[in-house]
**Student:** 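Quick one: the structure is below, questions incoming.
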Amino acid sequence: VQLQASGGGLVQAGVPLRLSCAVSGSTFSGYTMGWFRQAPGKEREFICAIRWNGGTPVYANFVKGRFTISRDNAKNTAYLQMNSLKPEDTAVYYCAARFGSISLLESQYDYWGQGTEVTVSS
């Protein structure tokens, strides 16, 4: 299973950005998809995740109301819509996949994308 994250870049605070995670090599619809991020000098942290059938996503408190995770099983792609971006959202963003229910723990995810860098200027 290969994951390819894309869509990062340099944006001003408040400008929306959408990240994509394209999955290949396996049946995408069977996987829970998650997004994580790692800011400079900090540990990687959970952002959100969504089950294979959509369902109710789980979000970290710090992104509730600003970020939205979604998936298109027909396109083998997961998305992270980020609104109201802040400079503290600057990080490398990773998508990940696991075969099972939603987990907040990065150790529970089996497959990872290479990361896409997001820089938010004030």
Side-chain angles (χ1 to χ4, degrees):
V1 179
Q2 292 83 44
L3 281 65
Q4 179 74 40
S6 62
L10 171 63
V11 296
Q12 287 189 324
V15 175
L17 196 64
R18 189 176 79 161
L19 306 183
S20 299
C21 178
V23 179
S24 61
S26 185
T27 304
F28 174 72
S29 61
Y31 289 95
T32 284
M33 298 299 299
W35 285 95
F36 292 75
R37 71 183 186 184
Q38 186 168 19
K42 296 186 177 180
E43 295 186 348
R44 191 154 55 184
E45 61 181 353
F46 172 82
I47 300 173
C48 55
I50 187 170
R51 287 202 65 181
W52 67 272
N53 59 352
T56 301
V58 174
Y59 294 94
N61 286 336
F62 63 83
V63 299
K64 282 185 178 178
R66 299 192 300 127
F67 292 8
T68 303
I69 187 173
S70 62
R71 64 189 296 158
D72 185 336
N73 288 345
K75 295 183 178 180
N76 288 358
T77 303
Y79 303 96
L80 180 64
Q81 177 67 45
M82 303 187 294
N83 298 326
S84 303
L85 281 165
K86 306 173 183 179
E88 50 264 43
D89 293 317
T90 294
V92 177
Y93 284 70
Y94 298 90
C95 58
R98 70 183 304 268
F99 196 74
S101 59
I102 289 176
S103 175
L104 278 62
L105 302 176
E106 63 174 287
S107 61
Q108 297 293 310
Y109 287 78
D110 302 305
Y111 307 101
W112 290 83
Q114 84 288 1
T116 185
E117 189 168 2
V118 174
T119 303
V120 184
S121 63
S122 58

**Student:** Using side chain to side chain contact (heavy atoms under 4.5 Å, CB included) as the criterion, list what pairs up with Ala96, not counting sequence neighbours.
**Tutor:** Phe36, Tyr109, Trp112
**Student:** Going from OG on Ser20 to CG on Leu3, what distance comes out if it is rounded to the nearest 0.5 angstrom?
**Tutor:** 12.0 Å
**Student:** Could you give all pairs that pass the salt bridge (Lys or Arg N to Asp or Glu O under 4.0 Å) test and reach residues 19-33, with sequence neighbours left out?
**Tutor:** none
**Student:** Sort and list the pairs that fulfil disulfide bond (SG atoms under 2.5 Å apart) and have at least one residue in residues 51-83, not counting sequence neighbours.
**Tutor:** none
**Student:** Write out all pairs satisfying side-chain hydrogen bond (donor to acceptor under 3.5 Å, both in side chains) with one or both partners inside residues 36-52, taking only residues at least two apart or from two chains.
**Tutor:** Arg37-Glu45, Arg37-Asp89, Arg37-Tyr93, Arg44-Glu106
**Student:** Sorted by first residue and then second, give each disulfide bond (SG atoms under 2.5 Å apart) pair with at least one member in residues 37-85; sequence neighbours left out.
**Tutor:**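 Matches after skipping sequence neighbours: none remain.
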**Student:** Has the side chain of Arg98 got a donor or acceptor atom that lies under 3.5 Å from a matching backbone atom of Asp110?
**Tutor:**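 Here the side-chain-to-backbone pair does not exist.
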**Student:** Mind checking side chain to side chain donor-acceptor pair (under 3.5 Å) for Gln114 and listing every partner two or more places apart, or none if nothing turns up?
**Tutor:** none
**Student:** Does any part of the side chain of Met33, heavy atoms only, come nearer than 4.5 Å to the side chain of Cys21, both counted from C-beta?
**Tutor:**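 Result yes, sub-4.5 Å side-chain heavy-atom pair found.
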**Student:** May I ask whether Phe46 and Ile50 are part of the same hydrophobic cluster, defined by side-chain heavy atoms of I, L, V, M, F, W, Y residues being less than 4.5 angstrom apart, directly or through others?
**Tutor:**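 Not linked; separate clusters.
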**Student:** Considering residues at least two apart in sequence or located in another chain, which fulfil the ring pair (Phe, Tyr, Trp, His ring centres under 6.0 Å) criterion with Phe99?
**Tutor:** Tyr31
**Student:** Name every donor-acceptor pair, under 3.5 Å, that has one atom in a side chain of residues 76-84 and the other anywhere in the protein, sequence neighbours excluded.
**Tutor:**
{"from": "Thr77", "atom 1": "OG1", "to": "Lys75", "atom 2": "O", "distance (Å)": "2.8"}
{"from": "Gln81", "atom 1": "NE2", "to": "Asn83", "atom 2": "OD1", "distance (Å)": "3.0"}

**Student:** Roughly how far, to the nearest 0.5 Å, is the CG atom of Leu19 from the OG1 atom of Thr116?
**Tutor:**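 Atom-to-atom, Thr116:OG1 and Leu19:CG are 6.0 Å apart.
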**Student:** Give a yes or no on whether Phe62 and Leu104 share a hydrophobic cluster (residues Ile, Leu, Val, Met, Phe, Trp, Tyr; joining criterion: side-chain heavy atoms under 4.5 Å apart).
**Tutor:**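 Looking at the clustering, Leu104 is in a separate group from Phe62.
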**Student:** Mind checking ring pair (Phe, Tyr, Trp, His ring centres under 6.0 Å) for Tyr94 and listing every partner two or more places apart, or none if nothing turns up?
**Tutor:**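 So Tyr94 forms no ring pair (Phe, Tyr, Trp, His ring centres under 6.0 Å) with any residue.
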**Student:** Can you name the residues that form a side chain to side chain contact (heavy atoms under 4.5 Å, CB included) with Lys64, not counting sequence neighbours?
**Tutor:** Tyr59, Asn61
**Student:** With Val15, which residues qualify under side chain to side chain contact (heavy atoms under 4.5 Å, CB included), at least two apart?
**Tutor:**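 Side chain to side chain contact (heavy atoms under 4.5 Å, CB included) check on Val15 returns Val11, Gln12.
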**Student:** Please identify each residue that fulfils side chain to side chain donor-acceptor pair (under 3.5 Å) with Asn73, with sequence neighbours left out.
**Tutor:** Arg71
**Student:** Can you see which heavy atom on Ser122 is nearest to which on Ala13, and at what distance?
**Tutor:** CA-CB, 4.4 Å
**Student:** How long is the span from the NZ atom in Lys86 to the OG atom in Ser121, to the nearest 0.5 Å?
**Tutor:** 15.5 Å
**Student:** Would you say Val118 and Thr90 make side-chain contact, with heavy atoms under 4.5 Å?
**Tutor:**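 A side-chain contact is absent here, since even the closest heavy-atom pair is not under 4.5 Å.
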